[in-house]
Amino acid sequence: MVTVRGTQFSLRCAHGTGVAERDRLPGLIFAPVPEGKTVKNRLHLDFRPEDQDAEVSRLLALGARHVDVGQTGEESWVTLADPEGNEFCVLAPRRG
């Protein structure tokens, strides 16, 4: 199944999920594995949406959760984890 959202598209199939920007490849492919997460991620993703609050709310509704990785509360980003525990950050929009 292919879903188009603005300039992004995503693909879901039996082997995983992919995300890419139109005319900008490579994209990302997320493949399910039988093993659970046991160590720190080797790859950390940061996302910079136009509306940080709306994107965090959307991701939480999809199953993400807040993660404490030692934040002070002064950060401009929000650290979340997907349902499997993989951490990622939602950054504030760039200024100016």
Side-chain angles (χ1 to χ4, degrees):
M1 173 174 71
V2 175
T3 304
V4 177
R5 182 177 174 194
T7 61
Q8 294 183 338
F9 68 90
S10 63
L11 169 67
R12 286 188 178 193
C13 65
H15 303 292
T17 300
V19 179
E21 291 280 334
R22 287 185 191 175
D23 302 324
R24 287 184 160 187
L25 295 177
L28 299 174
I29 301 292
F30 300 95
V33 296
E35 302 86 11
K37 180 182 174 210
T38 59
V39 297
K40 184 177 179 178
N41 293 348
R42 295 181 69 185
L43 173 69
H44 179 86
L45 299 175
D46 289 332
F47 300 97
R48 190 180 302 275
E50 290 181 20
D51 185 335
Q52 182 187 40
D53 292 337
E55 187 65 7
V56 168
S57 294
R58 185 182 79 81
L59 292 166
L60 291 171
L62 290 170
R65 60 184 168 78
H66 286 277
V67 177
D68 181 359
V69 292
Q71 301 96 314
T72 65
E74 300 297 319
E75 293 80 12
S76 62
W77 63 87
V78 177
T79 305
L80 301 174
D82 69 16
E84 293 179 350
N86 300 297
E87 296 94 359
F88 60 94
C89 292
V90 181
L91 308 177
R94 290 187 195 266
R95 295 181 188 161

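Only this structure's heavy atoms are used, side chains among them; waters, hydrogens and symmetry mates stay out.
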Asp46 versus His44, closest heavy-atom pair with distance: OD1-NE2, 2.9 Å

Checking Asn86 now: which residues fulfil side chain to side chain contact (heavy atoms under 4.5 Å, CB included) with it, not counting sequence neighbours? Lys37, Asn41, Asp82, Glu84

Taken in chain and number order and not counting sequence neighbours, the residues that satisfy side-chain hydrogen bond (donor to acceptor under 3.5 Å, both in side chains) with His66 are none

Over all atoms of both residues, closest heavy-atom pair of Gly63 and Pro83: O-CG, 3.6 Å

Grouping I, L, V, M, F, W and Y whenever their side-chain heavy atoms are under 4.5 Å apart, do Leu59 and Leu45 come out in a common cluster? yes

Looking only at non-hydrogen atoms, find the nearest pair between Glu50 and Pro93 and report the distance. O-CG, 3.3 Å

Step by step, would you call Phe88 with Leu80 a side-chain contact (heavy atoms from CB on, under 4.5 Å)? CA-CA 6 Å; Phe88 60 94; Leu80 301 174; 3.7 Å; yes

Separation of Gln52 CD from Cys89 SG (nearest 0.5 Å): 10.0 Å

Suppose we screen for side chain to side chain contact (heavy atoms under 4.5 Å, CB included). Which residues come up paired with Gln71, at least two apart in sequence or across chains? Asp68, Val69, Glu75, Thr79

Under 4.5 Å between side-chain heavy atoms, hopping through other hydrophobics if needed: is there a path connecting Val67 to Val90? no

